[in-house]
Amino acid sequence: MSTADKPVVESAQHIRYAFTEEQEQFRTALRRFLEDKSPPLEVRRLMATAQGYDPAVWRRLSEDLALPGIHVPQQYGGAGFGMVELGIVMEELGRSLLCAPYFSSAVLAASAIMNGATEEQKRDLLPDIAAGLQLATLAVTELDGNWDPRAIRLKATRAGGNYLLEGVKSYVVDGHTANLLVVAARAADRDIGLFAIPADAAGVARELLASMDPTRKIARIEFKAARAQLLGDSEDGLNALSRTLDQAAVALANEMVGGAQKLLESAVSYAKMRVQFGREIGSFQAIKHKLADMLVDVELAKSTAYYAAQAAAVEDPEWPAIACMAKAAASDTYVRTAAETIQIHGGIGFTWDNDTHLWFKRAKSSEVFLGQPNYHRELLMQRWRV
Amino acid sequence: MSTADKPVVESAQHIRYAFTEEQEQFRTALRRFLEDKSPPLEVRRLMATAQGYDPAVWRRLSEDLALPGIHVPQQYGGAGFGMVELGIVMEELGRSLLCAPYFSSAVLAASAIMNGATEEQKRDLLPDIAAGLQLATLAVTELDGNWDPRAIRLKATRAGGNYLLEGVKSYVVDGHTANLLVVAARAADRDIGLFAIPADAAGVARELLASMDPTRKIARIEFKAARAQLLGDSEDGLNALSRTLDQAAVALANEMVGGAQKLLESAVSYAKMRVQFGREIGSFQAIKHKLADMLVDVELAKSTAYYAAQAAAVEDPEWPAIACMAKAAASDTYVRTAAETIQIHGGIGFTWDNDTHLWFKRAKSSEVFLGQPNYHRELLMQRWRV
Amino acid sequence: MSEISEDEVRREVRAWLAENWDPNLSLLAWRNKLADSGWGMPQWPRQWYGRGLPARMVRIVEEEFAAVGAIGCLRGGIGRLAAAVLLEHGTDYQKQKFLRRIITAEDTWCQLFSEPGSGSDLAGATTRADFDGKNWIINGQKVWTTSAHHAKWGTLLARTDWDAPKHEGLSYFILDMKQPGVDVQPLRQMNGHASFNQVFFNDAVVPPEHLVSTVNNGWQVAVTTLAYERRFAADIARPSRRGPREGRIYEEERAETATVMEPYKWYPQRAGRVDLIIERARETGANHDPVVRQEIARLMTLAQAAEWTARRARAAQSQGRPQGPEGSLGKLAASHVARGCARVHTMITGTAAMLTGADSPRNGVIAEILVSVPAVSIAGGTDEIQRNIIAERVLGLPKEPRFDTGPFRNIRRN
Amino acid sequence: MSEISEDEVRREVRAWLAENWDPNLSLLAWRNKLADSGWGMPQWPRQWYGRGLPARMVRIVEEEFAAVGAIGCLRGGIGRLAAAVLLEHGTDYQKQKFLRRIITAEDTWCQLFSEPGSGSDLAGATTRADFDGKNWIINGQKVWTTSAHHAKWGTLLARTDWDAPKHEGLSYFILDMKQPGVDVQPLRQMNGHASFNQVFFNDAVVPPEHLVSTVNNGWQVAVTTLAYERRFAADIARPSRRGPREGRIYEEERAETATVMEPYKWYPQRAGRVDLIIERARETGANHDPVVRQEIARLMTLAQAAEWTARRARAAQSQGRPQGPEGSLGKLAASHVARGCARVHTMITGTAAMLTGADSPRNGVIAEILVSVPAVSIAGGTDEIQRNIIAERVLGLPKEPRFDTGPFRNIRRN
């Protein structure tokens, strides 16, 4: 039985539905590394620190695995892979909940620079980010938490060859530890441009925010006449920003399905182990069927996240719409899966000592980061011109 | 554990949460009558006729039980009860799926007349309706199926002491058999007034529509310079119409929970009887829990429908908002309960010979009649000034 | 037998078609040519109307048929299933008697498995086959039989041993539908269609040579059948034919297709018609309602995800990798999509959703969606059964405790 | 004993209060007066600090207390439960020893029922009590114990016979919490609170006179306890006190209440704070979003329905009619409301829903809702257990097949 008679998205022939052998091998190696370096105890240790990551692990992840530049072209010091490989990395990071400035620096900032900077700026900025030597991040939303670029108010005023930034950004991932900030700001009260500024520049004040999800730090950053460099040739960086946000949505969706899959596995193994009323709770149909529903949910979300990465990789014209699908579906699935995983664990699942809440909180923070599911569904409809 | 810390609706002290002994006795008598007169075989026989009801049963229901005038004051020939008793009648009718022009004549038309007519008109029109001798109905929506009175376009033009109606009404319950039509029309292109017109008047053309739910007939009625009488003293009948629609929503909500309860009972008894894999299917947790969820769903919808009737009966200022809650909740519950009842019956539940589809189709037609759940939820928010 | 190359096959079939294909033949005459030559079922053995080609070469033959617009054998249908089962389990007598007329489509077949008392629990069948010393005598009732009123033959699962455990007392027969003891009645559904039949057996007769496999091995044969059913269902893509479509044979084929497809004409509505959602929203203006937009987006995402999941499963398979969990959830996902469609179509259509028939939106199609969707979560294994399968086979959770062991006679049943 | 009238009770209590109530007494001194007079627990027997009044008259006493602002006995808490159990099952020695200090609130109590291995399956407790000839020696672990670190006494369910069936090998003890073999550890929850404890027993000692009821009858006593727990939970309304609230006794009472309520301070967040929904939507402007409006309407309707259902159940009861199914679904409905709240609060709050602590919306309350709601569908019987109860007790569906019969020793467990 066909599930959809005529899919609206014409599934392009050039899109792959399976990972290659090499990609699977890459995933396996990465998973082994992360199981070794980021067991839950280590996650708990790092999430309690202000810095929020282990520089030694970051170094190995950069030097041995070249992860921060996985999707950065080789001429800028990267590994020259694309969105599919980035998706694999994010999925595995989501699974292991590694505490590291990967999403901020490699996904958000590097993508923004690749999308918006001049050739010279790319040559200048990307190699250090790709090598993991420079930690960068991207500042988009402001105090209202609105992800629509039209809501950006932070001002960039031309001053000589540079710009002065004035205003406040919030929800900046790893904003407290990044060395380099890429900031979306309104130039001349009109266009939205991307600007680069060292985090220690004069007029930049950073404050770590208390996130519900301590495995991913966020900061508020105030700019007072802070001197920044325009990225790209033009003050109109809206397309670059928008593309960056879509890529980040695809990456985050893959991270989320990685986390959801991990939760599902933990729920299944608990259900097989836990005995109540003389039998494994996984033998009760209520639990069996709940787990089956969770599996369906997670697999469907995975398909969307994978397709989005494949479509983005080949620049399928539909990919920005599919990015919306992927972010919305993965958010809903991750939150549901986390809630049900707690439910299956019962009281134990609600304790601090049980690891489930680490993923639950990541699910909640990811649900709203880059925009809630509703926001992305509405954006999907707009992109489809419904 | 309290389920809601501070309910938004201040539950008025004067609202009863239980039926009185007399009301319960009335219900019992009514149920016995309906089980006798409206078994599924009889429903099937009548739904296949164009007339759609059995005049003999209607006569007994009118003469012996005085149902058509249950909520009509005694001075107009009614029994002088109120919305609570009307709710009981509707709940039992929904349970038995009696094919009869009750909702059209007693609920819609009689209420419209009580709300909108002059004293003289009430004395003139109500006694025959209350006695079941006159069949009336109310025509509100037009071809677009919009239940917002502001969407009414049918024109009423003053002509001597009367008005000429011009336009088309649709979704008129029992419009093909009613003798008297109450029509909501736009007078002088401005106010919405209520008009009464005999169904056989010149310029009135009625056409039976094919409804998915053959147990409740609907018609399209075309008016071409059809001469009608204004109800009430003024051309502004909007409040009367709005009040009528709210009362109808409360009544229909009670009918729906009656149907949902009946479906639940049939699903439970099938689950206890049907054996697969050597055990009653009701011993499988998947079925047990589904039925438990259905029970919760139905009981919650009942509470809302009952409260709405009680609140309307005492003219609690909140009642129109609660009418929205009741209609939306009952619609969702009825449709869900019907779908799950089919599911529990398996293939047999999908056959024509199984009775479930009779209620399923009533659920679907009731879901959209008077406006979909979304419409009522939005109206609730407006009435609460959120 | 030496391996034949793809190129050789292509050359051979092309040559044969050049010589034999004629759109002005009767369908029957052409299918007889197919049976004689083996090109209708190239993967079947040479001695049984095939050419003994490996399965992967079927595609080549089909491409060449399509290239000239040539008609093949009936692709779907119970006949095809019966043939697969007979090739695996049948006697030479049975192959001789039935296979050719399946290829030529002279005989229509039906499947007599489900019963009123055994739906989800197929192995609980209670239709009985008793040997009277000469023939098997059949009594009982089957249900959900497609095309029983057209069928000449039925594949029948019947109980032959009431003291054996449930799965070990069934046998598999081929039953002549056109005999006095067989009464076929249409079964009307809640959506008004009657795509299925009920079949009543009153001392119907099956000769012993129509027993397939051995007595009491019927469940194994039925399982084979169901496996083929899934395999054939997955095997849907077929190269579209090129060239003009004129000639007597095309006329006859259109009539044949119409008859075969008749019971399935409401299946697109049963699936919920997700393809209509956006079109309908634009048509009614519901596309401007932010609430409906959310629902549409949610549903379209679900439908796409289901589609992509199916493709993911096929892609893994085609790479020779074991299929992951994504291969087991299609039915459940389809059921979610269908239910979602019914909901969203109602929201989009509003009050007009209560209409049916010619006056109603899309000439009754919307109404048909609403009253057909409930079948999706039931037919071919309920959602509950699907969840059990996923939980036990994919997730490895413990099986249900069994209450249907021991002699069938003693097992509780309706 | 002759029946006393309501008016007489009212006169008596009023007179007694006029003579005795003094807000400048210490709380302890006042509670001692209550114990001596019987007015603290008027429904208790006269010989045990009560006045033997029928339960329906308690309301009158409470009204009179409220009228002058007088403080009563602690209303909730495990002590009150323990007292009810002791009145029903306790020896005179036990009543003598424990009841008075429960009334005066000099002793705090805790309940030692749940274990890591027996959550939903309370009767599966494996904490053991072995009689050494002189005392019962307790070993094992309890969990989800409220206020164990304050408590002087615990009511303990422990296994005394491993060869008896599960429910027939448990005994009910009163255990001194302040002894060397008892180790109380806080249990931190995912929302950061530590409202509960784990309690470890390492050769803790219970003298034989602290066994309640008979050996191996502990499950019956526990069931009584749970029934009282439900009854007391339903019994929440209390007339609000009038008059000035100045005086030493009020200070002391406020401190007492703060201590008692400490573990429950996040419970409103656990319930989802439906009261905040509309306020928050107005605050953030989400009330203008049609999609959020739908969600709010849906949630508020559900919450109201749950509230009205509870009232419906109480109304039937108060009319002396049997409670219908509406009486059994409150817990499940509360869980739906809480989950709905978490969803809608997230929608309303948007990106700020990822914040916590002082900088976050409503000073952390929204964040606390989101990380506390998961407890509602678990604590006090999971949603799954609730559904089983409704299915079996209300709908009369067949019970689960049992895998935990026979000697407890042989039952599978973690």
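The chains referred to below are lettered A, B, ... by the order of the sequence lines, with proteins before strands, and numbering in each begins at 1. In this text the structure is predicted, and so the values were computed from the model without any measurement.
Interatomic distance, CD of Gln198(D) versus CG of Asp353(A), reported as 7.5 Å (0.5 Å rounding). The OH atom of Tyr375(A) sits 13.0 Å away from atom CG of Asp289(D), with the distance rounded to the nearest 0.5 Å. The CG atom of Asp121(D) sits 5.0 Å away from the CD atom of Gln276(A) when rounded to the nearest 0.5 Å. Here Thr351(D) contributes atom OG1 and Leu143(A) contributes atom CG; the two are 11.5 Å apart, rounded to the nearest 0.5 Å.
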Pair Ser283(A)-Phe403(D), side-chain contact (heavy atoms from CB on, under 4.5 Å): steps then yes or no: CA-CA 11 Å; Ser283(A) 73; Phe403(D) 288 72; over 6 Å; no

Hey, mind stepping through Arg274(A) and Asn414(D) against side-chain contact (heavy atoms from CB on, under 4.5 Å) and telling me if it holds? CA-CA 6 Å; Arg274(A) 173 76 168 173; Asn414(D) 288 125; 3.4 Å; yes

Go through the steps to decide whether Arg279(A) and Glu400(D) satisfy the test side-chain contact (heavy atoms from CB on, under 4.5 Å), and finish with yes or no. CA-CA 12 Å; Arg279(A) 51 196 276 205; Glu400(D) 293 299 297; 3.9 Å; yes

Steps toward side-chain hydrogen bond (donor to acceptor under 3.5 Å, both in side chains) verdict (Ser377(D), Gln343(A)): CA-CA 7 Å; Ser377(D) 45; Gln343(A) 183 70 19; 2.7 Å; yes

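Between Trp352(A) and Phe196(D), the ring center distance fails the sub-6.0 Å criterion.
Contacts between Leu370(D) and chain A at a heavy-atom distance below 4.5 Å involve backbone atoms as well as side-chain atoms. In this structure, the portion of Phe360(A) lying under 4.5 Å from any heavy atom of chain D is its side chain and not its backbone. Neither the backbone nor the side chain of Arg216(A) comes within less than 4.5 Å of any heavy atom of chain D. Contact annotation for Arg339(D): only side-chain heavy atoms (C-beta onward) come within less than 4.5 Å of a heavy atom of chain A. Residue Glu378(A): no heavy atom, backbone or side chain, is found under 4.5 Å from chain D. Of the two parts of Asp359(D), only the side chain, counted from C-beta on, holds a non-hydrogen atom closer than 4.5 Å to a non-hydrogen atom of chain A. Leu122(D) does not touch chain A: none of its heavy atoms, backbone or side chain, sits under 4.5 Å away. In this structure, chain D has no heavy atom under 4.5 Å from any part of Ile281(A). Of the two parts of Ile342(A), the backbone and the side chain both hold a non-hydrogen atom closer than 4.5 Å to a non-hydrogen atom of chain D. Both the backbone and the side chain of Ser120(D) come within contact range of chain A, with heavy atoms under 4.5 Å apart. Looking at Tyr171(A), only its side chain comes within 4.5 Å of chain D, counting heavy atoms on both sides.
Partners of His167(D) under the ring pair (Phe, Tyr, Trp, His ring centres under 6.0 Å) rule, at least two apart in sequence or in another chain, are Trp219(D).
In this structure a side-chain-to-backbone donor-acceptor pair under 3.5 Å is present from Gln372(A) to Met347(D). Put simply, the side chain of Lys361(A) gets close to the backbone of Met190(D): a donor and an acceptor are under 3.5 Å apart.
Here Gly145(A) is the residue among Ser170(A), Gly145(A), Ala339(A) with the most heavy-atom pairs under 4.5 Å with chain D. Of all the listed residues (Ser118(D), Gly124(D), Gly357(D), Ser114(D)), the one sharing the greatest number of non-hydrogen pairs under 4.5 Å with chain A is Ser118(D). Per-residue heavy-atom pair counts under 4.5 Å with chain D were compared for Phe369(A), Trp147(A), Phe350(A), Phe284(A), and the maximum is reached by Phe350(A). By number of non-hydrogen pairs under 4.5 angstrom with chain A, the leading residue of Arg188(D), Glu384(D), Arg402(D), Arg413(D) is Arg188(D). In terms of heavy-atom pairs under 4.5 angstrom with chain D, the leader among Gln285(A), His345(A), Glu340(A) is Glu340(A). The candidate from Ile411(D), Val371(D), Asp383(D), Thr382(D) with the greatest count of non-hydrogen atom pairs under 4.5 Å with chain A is Val371(D).
Thr346(D) places a side-chain heavy atom less than 4.5 Å from the side chain of Lys364(A). Between His357(A) and Gln189(D) the shortest side-chain heavy-atom distance does not fall below 4.5 Å. Residues Thr356(D) and Leu209(A) have side chains not in contact (no heavy-atom distance under 4.5 Å, counting atoms from C-beta outward).
Counting non-hydrogen atoms of neighbouring residues, nucleotides and ligands closer than 6.0 angstrom, the CZ atom of Arg393(D) reaches no more than 12 such neighbours. Few gaps surround NZ on Lys290(A); more than 12 heavy atoms of other groups in view lie less than 6.0 Å from it.
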